[in-house]
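Down below is the structure, laid out as structure tokens.
When reading the values below, keep in mind they use all heavy atoms of this one structure, side chains included, and skip hydrogens, waters and symmetry mates. Chain naming here is simple, since letters A, B, ... match the order of the sequence lines and numbering starts at 1 in each.
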Amino acid sequence: MPELPEVETIRRQMERDVVGKKIKTVDVSGTRSVRRQPKKQFISRLEGTKLTGVRRKGKFIMVTLDSGDLLLVHLRMSGQLLRTANKDEVAKHTHVTITFTQHGQLRYVDPRTFGELFVTNPDTIDEDAPDVVSLGIDPVEEPMSWTNFGRMLMAHKMKLKAFLTDQTILAGIGNIYSDEILFAAGLRYDRTTDSLSTMEIRRLYRAVVETLHDAIKFSGSTLADDQYVDLFGKPGEYQEHHQVYGRDKLACRRCRSVITKAKFAQRSTYFCPDCQM
DNA sequence: CGATCTACCTGATGGC
DNA sequence: TGCCATCAGGTAGATC
């Protein structure tokens with residue numbers, strides 16, 4: 001489900017709403033959402049700690065705790081973090097409930113159970129979470145020059161969509177935003193990284209940054225199944241601004257050609273055959 | 001090394 | 001209605 005803009009929306013809300021709160025109790029039900037460490041350890045390392053900050057790298061949310069530990073959350077396809085009152089009805093597929101000493105709870109809900117939570121520490125994260133350590137550059141948190149971006153492109157010979165969605169190169173871009181970025185850049189998903197002119201490199205870098213910032217401004221994208229909602233259960237609005245994603249057989253908003261749907265790496269890919277070359 | 005595919009899950013949707 | 005196939009924001013791991 002969520003990509004960088006959706007995760008960033010939740011991060012910003014958590015920064016305002018849960019930082020400073022102290023965890024009273026943690027409840028874990030089911031076996032899949034906390035799977036990287038024993039449930040008991042997960043719970044004991046959280047209970048009694050205070051949340052001191054919320055950061056993000058790619059699609060990971062990292063909550064800093066006053067114990068020095070880090071609570072890591074990855075929502076994968078269908079995870080939601082929801083701020084609730086203690087007495088609010090418990091939604092189906094609620095797998096983790098964090099109750100604060102005051103002012104309610106933070107709940108983790110995830111129908112498909114692909115997402116996960118775990119507690120780690122800066123000293124042990126190399127062993128605990130190699131997937132976090134190996135993340136590439138977060139294009140929103142770590143801005144770079146377009147020349148540096150060009151060097152990254154040249155260092156990997158692959159198709160543009162594979163480049164954009166490889167979390168060890170750029171962290172945070174998934175299936176929706178790679179398609180939207182490539183439309184904004186006027187480039188096809190199957191162009192190779194080493195085929196771009198200087199102008200195209202600049203266009204692509206600009207599209208990465210602008211598309212992600214735009215999507216954050218509109219609180220991310222909620223698709224027809226309503227799976228993505230923010231910390232307070234509210235859907236995003238960026239789907240109304242999609243130029244290509246989910247718009248196959250519709251007219252391109254720019255040139256009126258028909259948007260095409262293709263398969264790339266077993267995923268749907270949408271593009272305008274006339275605006276993207 | 002890269003690319004390609006499969007598996008992990010539940011639920012919504014569409015065709016027959 | 002029901003049944004079955006297909007698809008969905010992601011990524012790790014096996015295989016070639």
Side-chain angles (χ1 to χ4, degrees), chain A residues 1-11 29-36 56-61 72-81 91-96 108-118 127-136 138 153-182 189-190 192-194 211-212 215-216 218-230 234-242 244-249 261-270:
Chain A
M1 163 219 316
E3 303 179 29
L4 189 155
E6 290 77 28
V7 179
E8 175 62 14
T9 299
I10 294 169
R11 188 202 68 78
S29 59
T31 55
R32 297 239 333 135
S33 302
V34 177
R35 55 180 179 263
R36 224 180 261 228
R56 180 187 58 70
K57 175 117 187 186
K59 300 168 193 169
F60 279 93
I61 287 175
L72 276 277
V73 185
H74 197 303
L75 304 170
R76 293 286 182 103
M77 294 287 266
S78 61
Q80 301 176 338
L81 279 170
K92 199 175 174 185
H93 305 299
T94 299
H95 305 304
V96 179
Y108 180 71
V109 178
D110 188 357
R112 296 176 74 178
T113 69
F114 292 174
E116 65 168 326
L117 300 83
F118 59 94
E127 303 102 82
D128 296 349
D131 48 343
V132 176
V133 176
S134 68
L135 286 172
D138 185 300
L153 268 175
M154 295 309 171
H156 301 87
K157 182 173 162 63
M158 55 175 91
K159 296 197 168 150
L160 288 182
K161 181 152 176 168
F163 175 84
L164 291 175
T165 56
D166 186 327
Q167 303 300 301
T168 68
I169 304 174
L170 291 173
I173 299 168
N175 208 36
I176 294 178
Y177 295 103
S178 54
D179 284 5
E180 293 299 319
I181 287 165
L182 287 165
Y189 65 97
D190 52 1
T192 48
T193 47
D194 61 358
T211 302
L212 294 173
I216 293 169
F218 288 96
S219 310
S221 305
T222 298
L223 303 184
D225 59 10
D226 274 357
Q227 291 237 62
Y228 166 69
V229 289
D230 69 13
K234 195 167 163 264
E237 290 168 10
Y238 191 68
Q239 64 281 0
E240 291 158 31
H241 301 262
H242 288 179
V244 285
Y245 188 85
R247 302 194 73 248
D248 54 311
K249 300 189 186 131
K261 181 179 180 177
K263 274 276 188 244
F264 177 76
Q266 281 100 258
R267 317 292 303 275
S268 295
T269 291
Y270 303 88

Under 30°, 30 to 60°, or over 60°: which ring-plane class applies to F118(A) and F60(A), parallel, tilted or perpendicular?
-> perpendicular

Using the six-membered ring wherever Trp is involved, compare the ring planes of Y270(A) and Y245(A) and label them parallel, tilted or perpendicular (cut-offs 30° and 60°).
-> perpendicular

Atom pair distance, as rounded to whole Å: [atom1] in [X] and [atom2] in [N]:
X: F264(A); N: dG10(C); atom1: CZ; atom2: C1'; value: 15 Å
X: Q80(A); N: dA8(C); atom1: CD; atom2: C1'; value: 14 Å
X: D110(A); N: dA8(C); atom1: CG; atom2: P; value: 18 Å
X: K57(A); N: dT11(C); atom1: NZ; atom2: P; value: 14 Å
X: L75(A); N: dC9(B); atom1: CG; atom2: C1'; value: 16 Å
X: H93(A); N: dT10(B); atom1: NE2; atom2: C1'; value: 6 Å
X: D226(A); N: dG11(B); atom1: CG; atom2: P; value: 15 Å

Starting the side chain at C-beta, find the nucleotide from [options] nearest to [X].
X: T113(A); options: dA8(C), dG10(C), dC9(B); value: dC9(B)
X: D131(A); options: dG11(B), dG10(C), dA12(C); value: dA12(C)
X: K261(A); options: dC9(B), dG10(C), dA8(C); value: dA8(C)
X: Q167(A); options: dA8(C), dG10(C), dT11(C); value: dT11(C)

Is any side-chain N of the basic residue among R36(A) and D128(A) closer than 4.0 Å to the acidic one's carboxylate O?
-> no

Residues K57(A) and D138(A) bridged, charged N to O under 4.0 Å | no

Is the phosphate of [N] approached by [X] (side-chain N or O, under 4.0 Å from OP1 or OP2)?
X: S78(A); N: dG11(B); value: no
X: H156(A); N: dG2(B); value: no
X: H74(A); N: dG10(C); value: no
X: K92(A); N: dG11(B); value: yes

Applying a 4.0 Å non-hydrogen cut-off, can you work out what [X] is touching in the nucleic acid: base, sugar-phosphate, or nothing?
X: T222(A); result: base
X: R32(A); result: sugar-phosphate
X: S268(A); result: sugar-phosphate
X: Y238(A); result: nothing

When you compare dA12(C) with dG11(B), how far apart are their C1' atoms, in angstrom units rounded to a whole number?
-> 23 Å

Can you find an N or O donor on one side and an acceptor on the other, under 3.5 Å apart, linking the side chain of R267(A) with the base of dA8(C)?
-> no

Would you say that [X] contacts [Y] through its side chain, given a criterion of any heavy-atom pair below 4.5 Å between the two side chains?
X: S219(A); Y: E237(A); result: no
X: M158(A); Y: H156(A); result: yes
X: M154(A); Y: T193(A); result: no
X: L160(A); Y: T192(A); result: no
X: R112(A); Y: R76(A); result: no
X: Y228(A); Y: D226(A); result: no

Using distance alone, with no hydrogens and no angle criterion, decide if S221(A) and H242(A) have a side-chain donor and acceptor under 3.5 Å apart.
-> yes

Between the protein and nucleotides 3-7 of chain B, which nitrogen or oxygen pairs are less than 3.5 angstrom apart?
| unit_1 | atom_1 | unit_2 | atom_2 | d |
| --- | --- | --- | --- | --- |
| dC5(B) | OP2 | Q266(A) | OE1 | 3.1 |

Applying the Watson-Crick and G-U criteria (both distances under 3.5 angstrom) with [ ] for crossing and | for other-strand pairs, one obtains for DNA chain B .|||||||.|||||||

Would you say F114(A) stacks on dC8(B), if stacking means ring centres under 5.5 Å apart and planes within less than 30 degrees?
-> yes

